Each structure stands twice: as C-alpha cells, then as structure tokens.
Amino acid sequence: QEQLVQSGGGLVQPGDSLTLSCVASGGIFRNYALAWFRQAPGKEREFVAAIRWNAGSSYYADSVKGRFTISRDNAKNAVHLQMTSLKPEDTALYYCASGRPITSTIRSATSYGYWGQGTQVTVSS
C-alpha cells in the first residue's frame, strides 16, 4: 500500500529551526520526486520544495530559498525538510508528496499523486 508518513513539526519561536521528515512505502519512493507543500488557514496549498530521485536537482519557492533545505535518504525511503530562520509567515500545515512530474510542473500540486497526512508548523513568539 502506497503511504507517506510524516513526522516533526510543532510550535517554535521566530528564528528557530525545525526539521520535518517523511517516510515512503509501497513503491512510491524509488524513481519518484519528493516534495513539500504547505497550506495556511484561508489560503491555497503552495509549493515549498522538491527534490528529484537522484537528488541532483532540487527546487525551492522564493519565499524559503536560503532558509529551507530539502534532502532525501534513498536508503531509508525518507525525505527531510530542514527549516531555519523560521518566520511567523511560515506557519502552516505542511504536506509531503510523491510523484513523477516533469520539470515544468514540479511546483504544481496536481503533479503529485501521493500525499502525507500533514503536520502543523506554528511559528509564534
């Protein structure tokens, strides 16, 4: 059964760091791109970061570039999102996703067919 199980998240203060993790099972990791999206209350789901199977290419939203790092551990079927210098505007429900998008659509949520359960990240003083 295809499944993405997320861990991490929580309440942190502005400027803090936090790492989210996601483990895939059921054959949706090898040769798949992994991505992170987020959705704040009252807003649409937005792209955060993505990484190709061979980890040779990664992609970031402008709003997180330089602060967030996506990585994958192919031996453990895991993808991580290391978040630093967190801001209140980073507060959202974060989702990991698996899919096989072409480069031009790698930032589109519709390119991913498998989703994690979501994990809350709250940045507040």
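Everything quoted here is computed from the prediction, not taken from an experiment. These values consider heavy atoms only, across backbone and side chains, with no hydrogens, waters or symmetry-generated copies.
Put simply, the side chain of Leu20 reaches to within 4.5 Å of the side chain of Met83, judged on heavy atoms. Within the 4.5 Å cutoff, side-chain heavy atoms of Val79 are placed close to those of Ile70. Residues Asn31 and Arg100 are in side-chain contact: their nearest non-hydrogen atoms beyond the backbone lie under 4.5 Å apart.
Closest non-hydrogen pair, Ala33 versus Pro101, comes out as CB-CD, 3.8 Å. Of all heavy-atom pairs spanning Leu4 and Tyr114, the tightest one is CD1-O, 3.4 Å.
Using a distance-only test at 3.5 Å, with no hydrogens or angles considered, a donor-acceptor pair links the side chain of Asn74 to the main chain of Trp53. In this structure, Ser98 contributes its side chain and Leu34 its backbone to no donor-acceptor pair below 3.5 Å. Panel note: side chain Gln120, backbone Gly9; no donor-acceptor pair is recorded below 3.5 Å. A donor-acceptor pair is defined here as one N or O able to donate and one able to accept, closer than 3.5 Å; no such pair exists between the side chain of Thr105 and the backbone of Ser111. At least one donor-acceptor pair closer than 3.5 Å links the side chain of Gln6 to the backbone N or O of Gly118.
In this structure, the separation between CD on Gln117 and SG on Cys22 is 7.5 Å, given to the nearest 0.5 Å. The CD1 atom of Ile28 sits 8.5 Å away from the CD atom of Gln3 when rounded to the nearest 0.5 Å.
For the pair Arg72 and Tyr32, the cation-pi test (distance below 6.0 Å, angle within 45°) is failed.
The number of heavy atoms from other shown groups lying within 6.0 Å of CD (Gln82) does not exceed 12. In the displayed structure, Glu89 atom CD is contacted under 6.0 Å by more than 12 heavy atoms of other residues, nucleotides or ligands.
Using cut-offs of 30° and 60° for the angle between ring planes, the Phe68 and Tyr94 rings count as tilted.
Val64 and Val12 fall within a single hydrophobic cluster, where Ile, Leu, Val, Met, Phe, Trp and Tyr side chains are chained together by heavy-atom contacts under 4.5 Å.
Here Tyr95 sits in one hydrophobic cluster together with Phe37, Phe47, Tyr59, Leu93, Ile106, Tyr112, Trp115; the rule is ILVMFWY side chains under 4.5 Å apart, joined directly or through other members.
Between the side chains of Thr122 and Ser124, no donor N or O sits under 3.5 Å from an acceptor N or O.
The salt bridge (Lys or Arg N to Asp or Glu O under 4.0 Å) contacts involving residues 46-59 comprise Arg38-Glu46, where partners must be two or more places apart or lie in separate chains.
A salt bridge is defined here as a Lys NZ or Arg NE, NH1 or NH2 lying under 4.0 Å from an Asp or Glu carboxylate O, and Asp90 with Lys87 fails to meet this definition.
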